[in-house]
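Below: one structure, written as C-alpha cells.
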Amino acid sequence: MPAEEFRRHGHELIDWIADYFEKISEFPVLAQIEPGDLKAALPASPPQRGESMAAILADVDRLIVPGLTHWSHPSFFAYFATSTSAPGIFGELLSAAFDVKSMLWRTSPASTELEEVVLDWLRQMIGLDAGMSGIIYDTASVSSMHAIAAAREGVEMRIREEGMSGRKDLPLLRVYASEQAHSSIDKGIITLGLGQRALRKIPAGKDFRMDVNALAAAIEEDKRAGFLPFCVVATVGTTSTSSIDPVPEIVPIVEEHAMWLHVDAAYAGSAAVVPECRHVLDGCDRADSLVMNPHKWLFTPFDLSVLYCRHMDLLRRAFSLVPEYLRTPEQDKVRSGSDYGVQLGRRFRALKLWMIIRYFGHEGLAARIREHIRLAKLFASWIENSPDWELMAPVPFALVCFRANPKSHAAADSNALNEAIMHGVNATGRALLSHTKLNDKIVLRLSIGNIRTTEEHVRNVWELLNEQLHVLRNQVSKS
Ligand code: PLP
C-alpha cells in the first residue's frame, strides 16, 4: 500500500474509531445476532483478487459491528468489565507497525528493556517489593501456568529432563487452591502434565475465602500419604465474588512446608494501584510469584498479563533452550524474553502499558479505579436498602454479587427468577450482566471496570433491574 493511500485510510480509520467511541452507548451491549448469522453472510472462499479498503471497511460496518458484543460500552457490567483506552490503542497501533518479535534482546532491545522498566514502574505502583521482577505474557492463564512450572522446577526432580510419565521415583505432586480459584489453575495443571488429581481444592469458608485450617490439614494428610505438596495458589479477587484469600495466614503454612506461593491477582492486583487499597496485597511480599492483568482493570487493550516472580532463575531453568541459530554474543549479559516461557516470538506489549501509565499517571489510574470501587459500593448500598434484593457477598472491589430476594415475591423458583431477570436486562441491549452460582443459588454479578462507566450508567442498570423484577412479579401474580 503506497504511503499516501496508507495515510488516507489510516486517518479514516482513526476517525471511524473516534466516532465509534462517541456513539458507543447507542449500540446494544450484547450482539443481537443468532449463532451462524455471520458465517452465513460471509463468502465461503477467499477473494481471488484484492479488494479496496473502502469495500473492506464497509463490511466492518455492515457485518462485523452487528456481530460484536461491545466490551467498551459503559453499561457492560458482565464477567470482569474491562476496557481499552486511547493511549492503549495507540500503543497497539505502533506495536503492529513495528511488528518486532521480541524473543532475544537483539531482535528488539527497546521491547526487552522497556518491558523491564515499565514492569518495575507497575511493581512500585502496586507496592510490591523489589525482590519481584516481572515478565509479560498474553493472559493470566498462561502466567499462572508458567508460575506453576517454575515451582515444579524448584522441587529438583529433573522433570524438565526426564518428564513425569513412567517414573516410579516420582511421588504425586500436589498443588492447592481454593474451590473458588479460577479454572485457569486447573488448565495450567493439565497442560503441565501434572494431571487433575494433582490439584487439591480447598474449601472456602466464610465470605468465599480459602479455609486456612483446611489447607494446613490437607497438606499434612497428603504428606502422610507420601505425596509431595509443592505449590499453593491463593487468589486475591476471585472470579465469582472477588473474595480475597487470607494470604498472610497462608504464608506461614507455605513456609513451614517449603512450598511455592503463587498469588492469582489477575483481577484485583490493579486495585493496589490505589494507595489506600494496597493492603489487598498484604502478605504478597512473601509470595514467590503473583499474576496481575493490566488488560482487566488497568485500561489496557487485551492482551497483557504480568507475572511477577521472585525466582526468575527457576523460570529460566524451566524454559530456556537456545539453539545455535538463536545464540548471540551478548546473551549472558542481557535478558531475552524467550528464555522465560514457551513462546519464542513475543509481541511488543510493554509499549501500550508504558503509554497508558505515562498518559494517565499513577494518580489518574488510581482515581479511575477508586471511582469504580465507589460506584460498586453505591450500587451495593441500594441493594442493601431495598426489600426486593439481597447482597450475596462482600464488595471489596468493584464487583457486586446480588439477587432478587425470594422472600419479597411469590416466585416458586428464585433461581429461575434471577436468571429471567438477567436475561431480561441483557435482552434490552441497554446493559449486560453475568451470573455465578454460590451455595447452589444463582447470583447476578455487576462488575464495574469500564473507563466510560459513570454513576448515571449504574443508576440506569438499577432501574432496568427493578423494571424486570416488576414485570416478572406481575406475570407471576396474574398466572
Ligand atoms: N484468574 C482470575 C481470578 C480471573 O478472574 C481470570 C479471568 O477472569 C483469570 C485468572 C484468567 O484470565 P485470562 O483471561 O487473562 O487468562
Side-chain angles (χ1 to χ4, degrees), residues 1 5-34 37-39 41-42 51-99 293-304 347-349 351-353 355-356 358-360 364-365 368-369 371-372 375 425-434 447-458 460-461 464:
M1 188 182 286
E5 215 179 300
F6 181 86
R7 205 181 308 279
R8 185 160 52 81
H9 292 309
H11 288 163
E12 280 167 12
L13 198 59
I14 294 290
D15 280 344
W16 189 98
I17 296 171
D19 289 346
Y20 172 70
F21 285 131
E22 254 178 12
K23 59 179 189 209
I24 188 141
S25 295
E26 295 164 23
F27 290 106
V29 193
L30 183 66
Q32 304 287 303
I33 65 170
E34 294 300 321
D37 279 359
L38 179 60
K39 280 200 277 185
L42 290 168
E51 299 180 59
S52 70
M53 277 313 291
I56 300 167
L57 291 177
D59 279 352
V60 170
D61 276 314
R62 192 173 64 91
L63 298 172
I64 304 300
V65 172
L68 288 175
T69 290
H70 296 276
W71 283 73
S72 291
H73 194 297
S75 296
F76 185 110
F77 298 112
Y79 313 109
F80 279 127
T82 64
S83 72
T84 185
S85 61
I89 294 170
F90 292 146
E92 282 285 12
L93 194 61
L94 275 178
S95 153
F98 298 148
D99 193 31
N293 276 0
H295 72 221
K296 273 198 165 55
W297 200 10
L298 215 57
F299 318 117
T300 304
F302 195 78
D303 48 20
L304 199 166
R347 300 181 61 222
F348 191 174
R349 295 189 182 87
L351 189 60
K352 57 186 170 182
L353 187 55
M355 292 173 77
I356 287 166
R358 289 192 62 183
Y359 180 78
F360 292 109
L365 291 167
R368 284 163 177 84
I369 291 172
E371 173 65 0
H372 290 164
L375 292 177
V425 169
N426 293 349
T428 66
R430 288 158 56 204
L432 190 71
L433 299 168
S434 64
S447 162
I448 301 172
N450 189 299
I451 201 160
R452 292 183 173 76
T453 302
T454 63
E455 191 168 322
E456 191 191 337
H457 299 107
V458 181
N460 288 345
V461 71
L464 271 177

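Here the closest heavy-atom approach between residue A81 and residue F77 is recorded as CB-CA, 4.4 Å. When all heavy atoms of T84 and I451 are compared, the closest pair comes out as O-CG2, 3.9 Å. When all heavy atoms are compared, the tightest approach of F299 to G449 is CE2-O, 3.7 Å. Of all the heavy atoms in P74 and I24, the pair that sits closest is CD-CG2, 4.0 Å. In terms of heavy-atom proximity, A41 sits nearest to L63 at CB-CD2, 3.7 Å. Between P66 and I33, the closest heavy-atom pair is O-CG2, 3.5 Å.
Taken from CD in E92 to CZ in F302, the straight-line distance is 10.5 Å, to the nearest 0.5 Å. The NE2 atom of H73 sits 9.0 Å away from atom CD of E26, with the distance rounded to the nearest 0.5 Å. If you take CG on L464 and OG1 on T428, they are separated by 5.0 Å, rounding to the nearest 0.5 Å. To the nearest 0.5 angstrom, R452 atom CZ is 9.0 Å from S25 atom OG. Atom CG of residue L30 and atom OG of residue S75 lie 13.0 Å apart, to the nearest 0.5 angstrom. The OG1 atom of T454 sits 7.5 Å away from the CG atom of L375 when rounded to the nearest 0.5 Å.
Counting non-hydrogen atoms of other residues, nucleotides and ligands closer than 6.0 Å to OH of Y79 gives a total of 12 or fewer. Atom CZ of F6 has 12 or fewer heavy atoms from other residues, nucleotides or ligands within 6.0 Å. The 12-atom threshold is not exceeded at CZ of F90, counting heavy atoms of other residues, nucleotides or ligands nearer than 6.0 Å. For Y359, the OH atom is loosely surrounded, since the number of other residues' heavy atoms within 6.0 Å does not exceed 12.
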Between M53 and E12, is a side-chain contact (heavy atoms from CB on, under 4.5 Å) present by the stated rule, with each step listed? CA-CA 10 Å; M53 277 313 291; E12 280 167 12; over 6 Å; no

**Prompt:** Checking side-chain contact (heavy atoms from CB on, under 4.5 Å) for the pair N293/T300: CA distance, chi angles, key distance, verdict?
**Reply:** CA-CA 9 Å; N293 276 0; T300 304; over 6 Å; no

Just do the side-chain contact (heavy atoms from CB on, under 4.5 Å) check on W16 and D61 with the steps written out, would you?
CA-CA 10 Å; W16 189 98; D61 276 314; 3.1 Å; yes

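Panel note: side chain T69, backbone A31; a donor-acceptor pair is recorded below 3.5 Å. In this structure a side-chain-to-backbone donor-acceptor pair under 3.5 Å is missing from K296 to F80. Panel note: side chain D59, backbone I64; no donor-acceptor pair is recorded below 3.5 Å. A donor-acceptor distance shorter than 3.5 angstrom exists from the side chain of H372 to the backbone of N450, with no hydrogens or angles considered. In this structure a side-chain-to-backbone donor-acceptor pair under 3.5 Å is missing from S95 to R349.
Ring-plane geometry between H70 and F27 is classed as parallel, the angle between the planes falling under 30 degrees on a 0 to 90 degree scale with a further cut at 60.
Contact check for K352 versus L304: side-chain heavy atoms found under the 4.5 Å cut-off. Looking at L432 and P28, their side chains never come closer than 4.5 Å, going by heavy atoms from C-beta outward.
Considering D303, T82, L353 as possible partners of H295, the one that fulfils the side chain to side chain contact (heavy atoms under 4.5 Å, CB included) test is D303.
D37 is linked by a salt bridge (charged side-chain N to carboxylate O under 4.0 Å, His left out) to nothing, counting only residues two or more places apart in sequence or in another chain.
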